[in-house]
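Take a look at the structure below.
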Protein chains: 2
Amino acid sequence: MKKPPKSRPKRVTLHDVAARARVSMVTASRALRRPEMVSLDLRDRVNAAARALAYVPNQLASALASRRTGRIGVIVPSLTNGVFNDYLRALHDVFVPADIQVLVLNSHYMPGREEKAILTMLGQFPEAIVLAGIEQTPHARKALQQAGIPVVQTMELAAKPIDINIGLSQQDAGYAAARHLFDLGHRHVGQISAPLDSRSLKRIDGYLQAVREFGATPMMVSVDLPSSIASGGELLGELLARWPSTTAIFCGNDNLALGALFECQRRGFGVPRDLSIVGFNDLEVAASACPSLSTIATPRYEMARRAGEIILEIIRGSGRRPKQRQIDLGFRLIARESTGELGNSS
Amino acid sequence: MKKPPKSRPKRVTLHDVAARARVSMVTASRALRRPEMVSLDLRDRVNAAARALAYVPNQLASALASRRTGRIGVIVPSLTNGVFNDYLRALHDVFVPADIQVLVLNSHYMPGREEKAILTMLGQFPEAIVLAGIEQTPHARKALQQAGIPVVQTMELAAKPIDINIGLSQQDAGYAAARHLFDLGHRHVGQISAPLDSRSLKRIDGYLQAVREFGATPMMVSVDLPSSIASGGELLGELLARWPSTTAIFCGNDNLALGALFECQRRGFGVPRDLSIVGFNDLEVAASACPSLSTIATPRYEMARRAGEIILEIIRGSGRRPKQRQIDLGFRLIARESTGELGNSS
DNA sequence: GGCAACATTGACAGCGTTTTCATGGGGACG
DNA sequence: CGTCCCCATGAAAACGCTGTCAATGTTGCC
């Protein structure tokens, strides 16, 4: 007859471990965290006791007492988006070996949700915060500044960084993508996007800049949904319906580009024979697709890695900031098979 | 006389708020958490003070004192894999409205890393844990049981669940995928996979079962890397090199299938004319691809949603478990354009 | 042998909240 | 007008751990 003590499933605490090892709590604590401070004999006894009891340290209490939580907070607009895979991986690569936990919260591309996520995060007292994007609400900015921890804004270059800023010019990148198509001789260059974030808008600005420069007509279609492969196809359909003369499109990201590519295949259009396609981000699929997708490669891994390393340096170095508070990591245009010169068609 | 503790910027605590509102800490605490327990007058005063000081409650202290952390832990083998997008979204959909935070840790498809992740998670004292997969190490199992919180294993059906188990038979699903190809008349049915997890292996078992049943020859190629689109192409290449007679393949997941599809396009093979392809999971891309990919749809969203709801019920209902501790959610074969009858070719 | 320097260990006081539990005041009721 | 109860409030005790500093035992050296 077993009686589950559901009201008080008393947990194994450091106290229990200490008692079993017949040492004081302090010693037990040290034996586990700083073995070198404790004699070999006791160290073994404590370890044995801890293992026997399956002791799991209470990080809450530990963090509260030591005022160091050993974690950093990351807020990204989406986990779904392949863009943030490399980004998160880089952060893990840097912090996990340093024994720092990475807490990820999702803002769903909504400034309001981001503010909430930032406040929640701050309530956990992370030792630093990494933000994807630069458009925080004023209240969030204030809270972040007041927290007195390193804050790294990434993905874009900010006019007024909160603290540290590592990114690239989304507008320049958008310009480069569009320009690539104009340089190939295209004059009817369309644009499709799912502009949920400020970065998409900046890329569009870049596109418009190129359009003006070449005296072309802006041809844009967008949808206010999380970008998906399916939307890529639909948006291409709309674009072609409105501007049948289109010979090239710049897609706000690679998923849209992939959807557009599939739509072309469905319609029997040759890519790039009938339509040139350039995407954005250089996700894995861009290189593997057939035809492979021209795109803009953004240094997502590198960006997050640098962010992580700067944070480690600040934390380790007692809070001193590096001299360079803003870093432009640039981007690369990757011309693959999906873009070709105008006129190859005939 | 007050001694400013070093360079540490003093944090605003409940004590400060209470002082400013001229009430006791208890009242301040209640005014913020359970406004209905406090008179309107004080409630306003406390709220005003909190806002003025930009007070952020220390969740660490709160959790320590209340013994409730308001969060649940989730451990998935990969964030990169599209499979877990729906899964995590469902969990968020359930828990965020319930004001419960979702902590996600990544096991990188390695049992050792998963054990570590589980222990780390347990140290945070989540109110429940959701696991993707059923193959935890013995030590992890012990720690989980000892934690006395709801544990939900998902994605597969377990012979001996730790606590709750919601999933589907991966072997049956693999069998169904292979069987679909045999039913279409194919006899040279290959299999490609990146079997980092036990689920892939079970799907292969299902494939082998079908192969035996139809008296065919097993033709399998695999790679020990995280599955990627590129590997899909390469594996298909190897498979065809070894068994040129292949007329259909079952891919361990949709990414591999997509890579295989692209490889066919690159080689000028018609799909399904020259090769039928069936994938697994029904990621978004499967429906959008051209030709669209036949695949096995797994109820990832539903699975995670159910897991979340059961957890909420247990937490709310003071720990009582539902009668049904194991739920089989099944799967669906989705026949699309990428599979066709043998002989359509000639 | 005596003293300083060192290496170990332990007692105590928090860390910032929440939870009892006690207290006083006011309203309902007779 | 006096009880009985209930409501709003506050005091003090956890929650589990770590930092500080003092106390103990050890070693080395003159």
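Just so we're on the same page: letters track the sequence lines, and every chain starts at 1.
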I want to check one thing: is the phosphate of D:dA8, taken as OP1 and OP2, less than 4.0 Å away from some side-chain N or O of B:Thr27?
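No.
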How many angstroms lie between CD1 in B:Ile134 and CD in B:Glu156, if you round to the nearest 0.5 Å?
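Nearest 0.5 Å value for the CD1-CD distance: 4.0 Å.
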To the nearest Å, how far apart are [X] [atom1] and [N] [atom2]?
X       : N      : atom1 : atom2 : answer
B:Glu36 : D:dC7  : CD    : C1'   : 13 Å
A:Arg43 : C:dT8  : CZ    : C1'   : 12 Å
A:Met37 : C:dG10 : CE    : P     : 13 Å
B:Leu32 : C:dT19 : CG    : C1'   : 16 Å
A:Leu42 : C:dA7  : CG    : C1'   : 12 Å
B:Arg45 : D:dA8  : CZ    : P     : 15 Å
A:Asp16 : D:dG16 : CG    : P     : 9 Å

Contact pattern, 5' to 3', of nucleotides 23-28 of chain C - B, S or - by protein heavy atom under 4.0 Å:
------
Tell me whether B:Arg11 forms a cation-pi arrangement with A:Phe125, defined as NZ or CZ under 6.0 Å from the six-membered ring centre and within 45 degrees of its axis.
yes
Report yes if the side chains of [X] and [Y] come closer than 4.5 Å at any heavy-atom pair, otherwise no.
X        : Y        : answer
A:Asn81  : A:Tyr109 : yes
A:Glu127 : A:Ile149 : no
A:Glu302 : A:Leu329 : yes
A:Val74  : A:Ile129 : no

Set of residues satisfying salt bridge (charged side-chain N to carboxylate O under 4.0 Å, His left out) with respect to A:Arg20, sequence neighbours excluded:
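Expected list: none.
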Could you tell me whether B:Asp93 and B:Arg305 make a salt bridge, using a distance below 4.0 angstrom between a side-chain N and a carboxylate O?
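Judged by the 4.0 Å cut-off on N to carboxylate O distance, B:Asp93 and B:Arg305 do not form a salt bridge.
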Show your working on side-chain hydrogen bond (donor to acceptor under 3.5 Å, both in side chains) between B:Arg71 and A:Gln124 and close with a plain yes or no.
CA-CA 12 Å; B:Arg71 43 208 214 217; A:Gln124 316 262 349; 2.9 Å; yes
Distances under 3.5 Å only, N/O to N/O: pair up the protein atoms with those of nucleotides 11-17 of chain C.
{"unit_1": "C:dC15", "atom_1": "O2", "unit_2": "A:Ala65", "atom_2": "N", "d": "3.4"}
{"unit_1": "C:dG16", "atom_1": "N2", "unit_2": "B:Ala61", "atom_2": "O", "d": "3.4"}
{"unit_1": "C:dT17", "atom_1": "OP1", "unit_2": "B:Tyr55", "atom_2": "OH", "d": "2.7"}
{"unit_1": "C:dT17", "atom_1": "OP1", "unit_2": "B:Asn58", "atom_2": "N", "d": "3.3"}
{"unit_1": "C:dT17", "atom_1": "OP2", "unit_2": "B:Leu14", "atom_2": "N", "d": "2.6"}
{"unit_1": "C:dT17", "atom_1": "O5'", "unit_2": "B:Tyr55", "atom_2": "OH", "d": "3.2"}

